[in-house]
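The block underneath contains the structure these notes are about, expressed in structure tokens.
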Amino acid sequence: MKAYSTFKQGTVSSDMQTGTYKLANPGTSTATYVKPAWTQYKVGKKAADTSAYADSVYKIDEAGTRTKEGDQWVHIYAYEGNAGANGWILASQLKAADSSSSSNNGNNSQPTTDKIADNALRINFVDAATGTPVKSMDYIKNGGTKGSTLGTLTNGVWQLGANDQTALQTQMNATLNALGYYPGALTVDQMASLAQGVLGSSVTISIQKGTKPIVDKAVQIQLTDPNGNLIKNVDYTNATAANGKTLGTANGSSWTLAVADVTAIQDQIVKALKGTGYGLNDDNKLTTDQQTALAQTVFGGQVKIQTVIPKAPEIGDNQVKLTFVDDKGTTIGSIKLTKADGESTVQDTIKTAANGNDPTAGGDISTKAYSALLRKANIKGYGIDGSKLSANSQVIKGATYGNEIKLSVKSVEAISLFSNIAFYDSKNSNETIGYLEDANGKRDTDSNFAKLLMGDPNVNGAVGDTISFSDFNKAISSNRLETIYYAASQWLGLPDKHHLDANDLNGTGASIFNADQSGKTIYVYKLSISAGANGDNVLSGSDFSGKIPFFGEDGNATVGATGAPVALKYSEESGTPHKYTLNGDNFNVKSLAELYAKNPS
């Protein structure tokens, strides 16, 4: 951190000291300030509306320049008339008092400069470092009338017309270059000050002392690394180059480069950076900000362009990227395929990824190919669009390594992997758990929990889509069924065992138990499940007696046209079950989980 001065005090020229002034446009658009605007925290306006001071005549006793904006401000005091607006004001908002204004000593106050034409704006240039006058010039506005502004106020922003910008730039260069000042392109703040200038009066512009052209009739482009260190210089010129003339053109507050200049500059920079490890950006194109900076640079001047270390290409020379899009062109997903031994073409690589099915063959082969490719891209709920099959085939046939191709697919009806789900305790293959509580303390029938699980998007897809055991675990977790509880009136395996259901667990008030359960002995079971490849806890069929694992050795299952029944074999928590007599604190619980957490009887 270092100190920053917002205002640089200057000297009051002899013309300022002897001159008398009036407000050029008194009213709400012209204000005076206790200190120059925005240079001191919490110090604001002296007079926000200067309409009442239209006839006051002022003298200048201080002058200076705002550091950031580069515009000149002066301190005025009433030499004649109401002194209520005494304070700091933008120098361009003053005009010379006319000869009819009288002074306190009875003498007539004369204008401080030669008469300014009604269609002219006098521009007084002052040195930015010292605040001392450098030179004045009169800019003639064709068709301009006295009292009108040089520019226009559009949406709260003062702007100069493009013709005025170009003409002013040319005239300024001719006026100032001989004095050792090379103003370059007009800044936004300078343009705003000039635009507010009133024809028939003057405006003050701050300029910096310059040097002679760095490169004659050329723009020196200094290419730097991301830390600002110089890498190389590139000198660019064109057929219309002239020292002091900007490389680009302005339109309002925007700057643009000719397309030919953009192309030529990019080409020179890319060649200059070859072998350095740096680039303009990842695609070696000039950004909008870089083009703006170049456009504002004058021939004979210089500009810095920061380079980057380009990212490695997204697609290698031995790869092809398949991007799948819907009918609106929206990307659904993508997959990058890498050439393997024995594959001579991109088409070979794509066919291998499609499990040997050729996506350009048509019919059932193409359907299988796209199904395999979409599974590899982990895209669910989409399939091949028959109407786009021919177009897709042409895209694939034209594919080359190192590039991306886009293939059209369509959304299809999502089907659940399951047609039915049964919940079992692993120690009891004869009886399903008909009423249970999930990990959130919600109790419901097994059929309702099964519906929730079957509707989970993690286990839904198009016919032929692959669902993995990890997808199933996500569905279990999102429905809080990774851990469940149930209660029974007797120890597991004893005759006449009764699973507590909604008729028993419908208590109101302080307990989940029906009143007729008070004093009874029950057993609470805590179970959990997590699927795996070829695991024995998620089995094909509606029970698990002699059934095979639902998720095979590869850990996957395929969505069928109607879904398939599955039996979930939950494992008992160590120490299960817990035995309780339902009285006192054991009876007044809000969930089976709460009761299970208590010490068993």
Side-chain angles (χ1 to χ4, degrees), residues 421-454 456 458 469-470 472-532 535-538 544 566-601:
I421 298 175
F423 298 84
Y424 283 91
D425 184 325
S426 61
K427 294 186 177 180
N428 183 3
S429 62
N430 298 317
E431 188 176 7
T432 60
I433 304 171
Y435 195 78
L436 57 140
E437 178 180 289
D438 68 13
N440 272 346
K442 175 185 175 182
R443 289 171 300 283
D444 208 337
T445 62
D446 57 344
S447 59
N448 285 337
F449 277 121
K451 288 177 182 177
L452 286 176
L453 193 53
M454 288 189 292
D456 191 282
N458 287 296
F469 71 84
S470 60
F472 171 79
N473 286 337
K474 290 176 185 176
I476 284 284
S477 178
S478 64
N479 289 281
R480 300 312 312 271
L481 290 169
E482 69 276 26
T483 298
I484 63 172
Y485 299 84
Y486 75 94
S489 61
Q490 293 189 47
W491 189 280
L492 181 67
L494 292 178
D496 301 322
K497 175 190 173 189
H498 171 65
H499 280 190
L500 271 62
D501 57 23
N503 294 321
D504 308 305
L505 297 166
N506 63 356
T508 58
S511 176
I512 62 171
F513 295 106
N514 190 302
D516 65 8
Q517 295 297 310
S518 179
K520 291 185 177 181
T521 298
I522 67 167
Y523 297 85
V524 179
Y525 294 81
K526 181 179 181 181
L527 314 172
S528 62
I529 193 171
S530 179
D536 64 353
N537 54 359
V538 181
F544 66 82
V566 66
L568 306 185
K569 189 169 65 171
Y570 279 79
S571 299
E572 290 187 7
E573 187 86 2
S574 176
T576 291
H578 285 183
K579 177 182 177 183
Y580 300 97
T581 299
L582 298 180
N583 52 34
D585 289 342
N586 288 345
F587 186 79
N588 293 324
V589 293
K590 295 297 184 182
S591 67
L592 292 176
E594 180 184 346
L595 181 57
Y596 186 86
K598 296 177 179 292
N599 291 325
S601 302

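FYI, the numbering just counts along the sequence from 1.
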>> For D438 and N440: C-alpha separation, side-chain torsions, deciding distance, then whether side-chain hydrogen bond (donor to acceptor under 3.5 Å, both in side chains) applies.
In response: CA-CA 5 Å; D438 68 13; N440 272 346; 5.2 Å; no
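- Residue L592 comes nearest to F513 through the heavy atom pair CD2-CZ, 4.3 Å, listed as atom of the first residue, atom of the second, then distance.
- Atom-to-atom distance recorded for L436:CG and L527:CG is 9.0 Å, nearest 0.5 angstrom.
- Proximity of a side-chain donor or acceptor of T483 to a complementary backbone N or O of A439 within less than 3.5 Å is not detected.
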>> Evaluate I529 against F423 for side chain to side chain contact (heavy atoms under 4.5 Å, CB included), listing each step before the verdict.
In response: CA-CA 10 Å; I529 193 171; F423 298 84; over 6 Å; no
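- Put simply, the side chain of R443 gets close to the backbone of G441: a donor and an acceptor are under 3.5 Å apart.
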>> With side chain to side chain contact (heavy atoms under 4.5 Å, CB included) as the criterion, how do V538 and V566 come out once you've worked through the C-alpha distance, each side chain's angles and the decisive distance to 0.1 Å?
In response: CA-CA 7 Å; V538 181; V566 66; 3.4 Å; yes
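- With rounding to the nearest 0.5 angstrom, the CG atom of N537 is 8.5 Å from the CG atom of L568.
- The side-chain heavy atoms of K427 and E572, taken from C-beta on, include a pair separated by under 4.5 Å.
- In plain terms, the two heavy atoms of F472 and L453 that are nearest each other are CE1-CD2, 4.4 Å.
- For K590, the side chain to side chain contact (heavy atoms under 4.5 Å, CB included) partners two or more places apart in sequence, or in a different chain, are E594.
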> Could you go step by step and tell me if E437 and L505 meet the side chain to side chain contact (heavy atoms under 4.5 Å, CB included) rule?
Replying inline: CA-CA 10 Å; E437 178 180 289; L505 297 166; over 6 Å; no
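- In this structure, I512 CD1 and L500 CG are separated by 8.5 Å, a value rounded to the nearest 0.5 Å.
- Rounded to the nearest 0.5 angstrom, N473 CG and E482 CD are separated by 9.5 Å.
- Counted within 6.0 Å of CG on D516, heavy atoms from surrounding residues, nucleotides or ligands total more than 12; the atom is thus considered enclosed.
- More than 12 heavy atoms of other residues, nucleotides or ligands lie within 6.0 Å of NZ in K598, so this atom counts as buried by the packing criterion.
- With sequence neighbours excluded, the residues forming a side chain to side chain contact (heavy atoms under 4.5 Å, CB included) with S518 are F587, listed by chain and number.
- Atom NZ of K474 is separated from atom CZ of F469 by 10.5 Å, given to the nearest 0.5 angstrom.
- Side-chain contact check for L481 versus Y570: some heavy-atom pair is nearer than 4.5 Å.
- Of the possible polar contacts, none joining the K520 side chain to the S489 backbone as a donor-acceptor pair under 3.5 Å is found.
- Of all heavy-atom pairs between H578 and P600, the closest is CB-CB, 3.9 Å.
- Annotation: H499 is in aromatic contact with Y486 [ring centroid separation under 6.0 Å].
- Here OG1 of T432 is found 11.5 Å from CG of D425. Values are rounded to the nearest 0.5 Å.
- Residues V524 and P577 are not in side-chain contact: their nearest non-hydrogen atoms beyond the backbone lie 4.5 Å or more apart.
- Side-chain atoms of D504 come within 3.5 Å of backbone atoms of D501 as a donor-acceptor pair (strictly under, hydrogens ignored).
- Contact detail for S426 and S571: the closest heavy-atom pair is OG-CA, 3.8 Å.
- The backbone N or O of T581 lies less than 3.5 Å from a partner atom in the side chain of N586, making a donor-acceptor pair.
- Taking each heavy atom of A597 and Y580 in turn, the nearest pair found is N-OH, 4.4 Å.
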>> Determine whether I433 and D446 satisfy the following criterion, side chain to side chain contact (heavy atoms under 4.5 Å, CB included), listing intermediate values before the conclusion.
In response: CA-CA 7 Å; I433 304 171; D446 57 344; 5.9 Å; no
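- Between Y424 and S429, the closest heavy-atom pair is CE2-O, 3.9 Å.
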